[in-house]
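Below you'll find the structure, written out as structure tokens, and then a few comments.
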2 protein chains.
Amino acid sequence: MCYLSYRINLVKMARYKEFNQEEVLEKAMKTFWRYGYEGTSIQNLVDNMGISRGSLYDTFGDKRSLFQKAIAHYDRTVIRQLILPLEAEAASKNAIFDCFDSLINRAVSDRDRKGCFLTNTVVELCPHDSETASQIAQNIKRVEKAFHKALIKAKDRGEIKADLDLEALASFLTSSLQGLRVISKIHCDRQMLADIVKVTLSVLD
Amino acid sequence: MCYLSYRINLVKMARYKEFNQEEVLEKAMKTFWRYGYEGTSIQNLVDNMGISRGSLYDTFGDKRSLFQKAIAHYDRTVIRQLILPLEAEAASKNAIFDCFDSLINRAVSDRDRKGCFLTNTVVELCPHDSETASQIAQNIKRVEKAFHKALIKAKDRGEIKADLDLEALASFLTSSLQGLRVISKIHCDRQMLADIVKVTLSVLD
DNA sequence: TCCTAATTGGAACGATCGTTCAAAAAATAA
DNA sequence: TTATTTTTTGAACGATCGTTCCAATTAGGA
């Protein structure tokens, strides 16, 4: 079981990796997502990723480096799926509503209560790790900009009032997402989350 | 330097503790608050509390037990100060505004970016520690109820519209607090926080 | 003063931490 | 086949983890 896709950039390769890099990174991401940076040991990662310590260090570097690659992977997959509909040309006020709706659905169906990997990392690492902090800040900023884009389009279409401060609204929506992520870790009740979202989005009326 | 206050409940006491229990608990709280549960070692606690390992275990039990006492201490001090004005008889819409104002001030002046101890703990421990989870849930619920009380009084005084859902609003305000706490760990800009709060509290207009 | 009881400080415990490394295994090139 | 190169595996490293334990210290009671 060799992944020949790796062959492309190599002049000479005596042996190919037996695992798919993307697949095991996904598993690392899920582990960090659920247990946090400090709460995850190398042994946990070895067990969950299904590769040995040697392969892990050889492929992804040390724990910190692997963590940052896991964050980047989260951004490329989960966050991307969140942002795409907001940035679509056809996006409107409804795209924002859908965004919060899907948040509720994911929160309620998430039995592990992992919350959002970015939110978790902000809380755990940002105050002590400026490098990770700026990485996360960038990712969150992209979400905020996506909200802003959607708001502009909604305004152009006359779906929201013309006198609203769209920058402030985008920051508000981003902050609200974080809040919901925290709340859903405590008491994940669909009705309560829906109530909060309803009040949140009433600012667009 | 003996703290004779401890004498009261003891029939016979050969030697008194050389430290004030409340004072060193405060120091433990600040350490856990800043570095989290996993991010704080017993050695960190010994260094910051200024007592030896023996005294620490004898007085507060193990790490987990000390952590829970630290949470309880946070609730008795910081959270209490947040809630009191909301529960006061004279409380009104302004009490809610003041609450968010003081949050901004504390966030901006918090050089360590500790955020809120409860929020941090929700994110780090709630999914894996149901006992701590329910302790935190109770504390957060008290904040929500305080908002609810203030909202009722504001409604009675005609400061907010009569058709608003006060339960939903209270949940929303609590969620917003959590969101602001997370955001202020990433990028603690007074103007941005003020913008978010302005939009947040516009739901009371 | 001596006895007793509680506190204190820090050595020591086994377990686990993140990381390194060298030998075994695998696959290509010659 | 042999030589070469890379990957894989897991043992082993020193450091640190949370916790226990005990001798030294302190102070009230007899």
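Every chain is numbered from 1 and lettered A, B, ... according to where its sequence line falls, protein lines coming before strand lines.
- Separating the CE atom of B:M49 from the C1' atom of C:dG9 is a distance of 15 Å, rounded to the nearest angstrom.
- Of the residues in residues 24-32 of chain B, not one comes within less than 4.0 Å of DNA chain C through any heavy atom.
- Scanning both residues, A:V123 and A:P127, for their nearest heavy atoms gives O-CD, 4.1 Å.
- Distance B:Y16 OH to C:dT7 C1': 12 Å, rounded to the nearest Å.
- Judged as a salt bridge (Lys or Arg N to Asp or Glu O under 4.0 Å), not a single pair has a partner in residues 171-181 of chain A (not counting sequence neighbours).
- Residues satisfying the side chain to side chain contact (heavy atoms under 4.5 Å, CB included) criterion with B:S92, sequence neighbours excluded, are B:N94, B:R157, B:E159.
- Along DNA chain D, the nucleotide nearest to B:Q43 and the one nearest to A:G50 differ in position, and the one closer to the 5' end is contacted by A:G50.
- The ring pair (Phe, Tyr, Trp, His ring centres under 6.0 Å) test applied to B:H187 returns no partner, not counting sequence neighbours.
- Residues satisfying the side chain to side chain donor-acceptor pair (under 3.5 Å) test with A:D189, not counting sequence neighbours, are none.
- For the segment residues 56-68 of chain B, the set of residues with a heavy atom within less than 4.0 Å of an atom of DNA chain D comprises B:Y57, B:D62, B:K63, in numerical order.
- When rounded to the nearest whole Å, the span between CZ of A:F19 and P of D:dT7 equals 9 Å.
- For the pair B:E38 CD and D:dT16 P, the interatomic distance rounds to 18 Å; values are reported in whole Å.
- Between A:N20 atom CG and D:dT7 atom P the separation is 15 Å, expressed in whole Å.
- Residues satisfying the side chain to side chain donor-acceptor pair (under 3.5 Å) criterion with A:D98, sequence neighbours excluded, are absent altogether.
- Taking atom CD1 of residue A:I51 and atom P of nucleotide D:dT9, one finds them 9 Å apart after rounding to whole Å.
- In terms of the salt bridge (charged side-chain N to carboxylate O under 4.0 Å, His left out) criterion, residue partners of B:K30 (sequence neighbours excluded) are, by chain and number, B:E26.
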Protein-nucleotides 10-15 of chain C N/O pairs under 3.5 Å:
unit_1, atom_1, unit_2, atom_2, d
C:dG10, O6, B:G54, N, 3.3

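- Distance from the side chain of B:I42 is smallest for D:dT19 among the nucleotides C:dT8, D:dT19, D:dT7.
- There is no side-chain donor-acceptor pair under 3.5 Å between A:K27 and A:T31.
- For residues 75-88 of chain A, every residue pair satisfying the side chain to side chain donor-acceptor pair (under 3.5 Å) rule, not counting sequence neighbours, is listed here: A:H73-A:R76, A:D75-A:R142.
- Applying the salt bridge (Lys or Arg N to Asp or Glu O under 4.0 Å) rule to pairs touching residues 192-205 of chain B yields B:K93-B:D205, sequence neighbours excluded.
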Counting only pairs under 3.5 Å, give me each side-chain donor-acceptor contact of residues 111-119 of chain B, with atom names and distances, residues two or more places apart or in other chains.
unit_1, atom_1, unit_2, atom_2, d
B:R113, NH1, B:K185, O, 3.4
B:R113, NH1, B:I186, O, 3.1
B:K114, NZ, B:D110, OD1, 3.2
B:T119, OG1, B:Q178, OE1, 2.7

